[in-house]
There are 2 protein chains.
Amino acid sequence: MPITRSRSYHHGDLRAELLQRAEATLRESGVDGLSLRRLARDVGVSHAAPTRHFKDKQALLDAIAVSGFQRLAAALAQTAAADSADGHIRALARTYLHFATENSALVALMFARRHSPAAGDAMSRAVDAAFATPVALITEAQKRGEVIDGDPRRIALSAVAALQGLATFVGSGVIAAETADELVDETTTHMIEGLRPRP
Amino acid sequence: MPITRSRSYHHGDLRAELLQRAEATLRESGVDGLSLRRLARDVGVSHAAPTRHFKDKQALLDAIAVSGFQRLAAALAQTAAADSADGHIRALARTYLHFATENSALVALMFARRHSPAAGDAMSRAVDAAFATPVALITEAQKRGEVIDGDPRRIALSAVAALQGLATFVGSGVIAAETADELVDETTTHMIEGLRPRP
DNA sequence: ACCTGAACACCGTTCAAGT
DNA sequence: ACCTGAACACCGTTCAAGT
């Protein structure tokens with residue numbers, strides 16, 4: 001058998017394949033289109049097979065959320081730093097909003113009702129990774145005297161919250177998608193002004 | 001028949017009763033506990049009866065969302081104005097976050113994936129009602145010279161987005177519930193500073 | 001007009017059985 | 001270890017039929 005792609009029953013890595021398919025389905029059909037049975041069907045496996053890799057549907061959703069936070073962390077980390085802290089903040093803000101609007105179903109799932117405690121550890125690490133770049137940016141800006149003093153994590157949470165809220169409004173149609181870009185820049189400006197040290 | 005509570009088959013107002021029961025179920029069991037069949041069972045009617053009042057499940061969710069925006073509008077409108085614009089902003093911010101954290105499943109549903117266009121009209125009115133108080137506050141503060149110039153609706157959206165984001169973080173456990181109160185006050189402070197006219 | 005009961009095609013979850 | 005197939009209790013939606 002010269003074929004390298006050997007599979008036990010049907011798959012080499014069913015878990016990874018299910019996760020990948022799930023994220024695609026999430027993008028195409030939203031969270032309502034996500035079902036273990038359909039996933040199994042799409043991947044060509046019996047409907048009970050996923051149980052071996054995900055204890056129940058919640059475990060699948062948790063795994064998708066963790067993966068989402070990791071991808072968000074990577075997107076933020078890869079956003080190039082600008083000359084000024086302000087410029088970097090603006091770039092990060094656009095990245096965040098872009099990610100959140102391009103992956104609205106995923107982000108909704110990431111911040112959905114409290115995930116099962118079983119996912120807690122990997123989830124916490126992934127969430128921390130996602131906030132690492134904003135926190136580092138605030139810390140750096142504080143050193144340069146461009147942002148007020150205070151716990152950098154709290155300041156970062158406060159700032160990112162504004163972006164998350166905008167993304168929520170865009171996703172639900174409260175804000176028209178066309179005006180989203182302008183609004184994120186305005187919001188970032190208010191944020192920067194609000195965080196600037198006062199004489 | 002001296003009993004005034006006459007019912008045709010089983011109910012005087014099945015639609016209202018279903019909606020009320022749905023909101024209770026939403027609070028107790030989250031959106032996953034919400035099913036038309038269970039609702040019908042709880043209310044004592046056949047599983048097909050709700051169809052007369054809600055075309056499908058999405059129509060029920062839309063109706064719940066509209067009702068949620070109306071309740072949010074009322075909560076914001078009833079928040080007493082303070083002496084200063086700053087004080088009023090702080091009070092409104094606390095009301096918003098309190099509403100969003102006490103009704104997390106409802107708020108998640110309100111801002112969920114685009115509602116069906118059929119609900120558009122009533123939905124738009126309800127959303128506008130919810131934002132009316134914040135927009136009026138910004139307009140008033142602008143007149144007093146306490147907030148920078150600009151479209152008051154956009155400024156209000158920007159400000160409320162920060163609160164909505166915080167509520168999302170609290171609801172998903174990214175922010176510990178204990179620190180939520182401090183964080184909303186800090187965020188409000190940054191917001192006020194960011195919106196203050198610059199000399 | 002409003003509701004019932006049966007029917008259909010889907011679910012998630014569990015479990016004995018196969019390889 | 002990993003997957004199958006049947007079984008169970010739930011869904012949403014539709015539709016002829018009853019009052």
Side-chain angles (χ1 to χ4, degrees), chain A residues 1 5-22 24-26 28-65 105 109 112-113 115-119, chain B residues 1 5-26 28-65 105 109 112-119:
Chain A
M1 294 205 290
R5 192 157 60 107
S6 77
R7 335 185 112 185
S8 59
Y9 267 54
H10 288 92
H11 293 89
D13 192 349
L14 181 55
R15 192 193 132 95
E17 201 164 346
L18 286 168
L19 255 182
Q20 187 178 335
R21 194 82 197 83
T25 304
L26 194 60
E28 292 157 14
S29 314
V31 70
D32 288 342
L34 212 57
S35 94
L36 286 174
R37 288 183 100 111
R38 176 177 164 185
L39 234 44
R41 226 162 30 227
D42 289 349
V43 159
V45 91
S46 92
H47 66 261
T51 303
R52 291 290 135 192
H53 304 279
F54 300 104
K55 180 177 121 277
D56 53 19
K57 189 175 183 180
Q58 186 58 49
L60 172 70
L61 298 181
D62 291 345
I64 296 173
L109 195 158
R113 56 200 159 292
H115 292 275
S116 56
Chain B
M1 294 209 290
R5 191 157 59 108
S6 78
R7 337 184 112 185
S8 58
Y9 269 54
H10 289 93
H11 294 89
D13 191 348
L14 180 57
R15 192 193 132 95
E17 200 164 347
L18 286 168
L19 255 181
Q20 187 178 335
R21 195 80 196 82
E23 291 182 15
T25 303
L26 194 60
E28 292 157 15
S29 313
V31 71
D32 288 341
L34 213 57
S35 95
L36 285 173
R37 288 182 101 111
R38 176 177 163 185
L39 234 45
R41 226 161 30 227
D42 289 349
V43 158
V45 91
S46 91
H47 66 260
T51 304
R52 291 290 136 190
H53 303 281
F54 301 103
K55 178 178 124 279
D56 53 19
K57 189 175 183 180
Q58 187 56 50
L60 171 71
L61 298 180
D62 291 345
I64 296 174
L109 196 158
R113 56 201 161 290
R114 216 165 288 289
H115 291 275
S116 55

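The sequence lines fix the lettering, A, B, ..., with proteins before strands; numbering per chain opens at 1. Bear in mind the structure is a predicted one, so any value in this text is a computation, not a measurement.
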_Residues which pass side chain to side chain contact (heavy atoms under 4.5 Å, CB included) with B:A16, listed by chain and number, not counting sequence neighbours_ = B:D13
*Starting at CG of A:L61, measure out to CG of A:L36 and round the result to the nearest 0.5 Å.*
8.0 Å
*What's the shortest heavy-atom distance between A:F54 and A:A63, and which atoms?*
CE2-CB, 3.8 Å
List the atom pairs, with distances to 0.1 Å, where a side-chain N or O of residues 39-53 of chain A and a protein N or O form a donor-acceptor pair under 3.5 Å, not counting sequence neighbours.
unit_1, atom_1, unit_2, atom_2, d
A:S46, OG, A:A48, N, 3.3
A:S46, OG, A:A49, N, 3.4
A:T51, OG1, A:A48, O, 3.1

*How long is the gap from OG1 on B:T25 to CD on B:Q20, to the nearest 0.5 Å?*
10.5 Å
*Figure out the CG/C1' separation between B:D13 and C:dC3, and round it to whole Å.*
15 Å
*Taking only residues two or more places apart in sequence, or in another chain, which ones meet A:A105 in a side chain to side chain contact (heavy atoms under 4.5 Å, CB included)?*
A:L26
*Should stems be defined as at least three consecutive Watson-Crick or G-U pairs with both distances under 3.5 angstrom, which of them involve DNA chain D?*
C:4-8 with D:12-16, C:12-16 with D:4-8
*Return the set of residues passing side chain to side chain donor-acceptor pair (under 3.5 Å) with A:D56 (not counting sequence neighbours), or none when no residue passes.*
none
_I need a per-nucleotide contact map over nucleotides 11-16 of chain D, read 5' to 3'. Cutoff is protein heavy atoms under 4.0 Å; write B for the base, S for backbone only, - otherwise._
BBBBB-
*How many angstroms lie between atom CG of A:L34 and atom CZ of A:R21, to the nearest 0.5 angstrom?*
10.0 Å
*Rounded interatomic separation in angstrom, taking CZ from B:R15 and C1' from C:dA1*: 16 Å
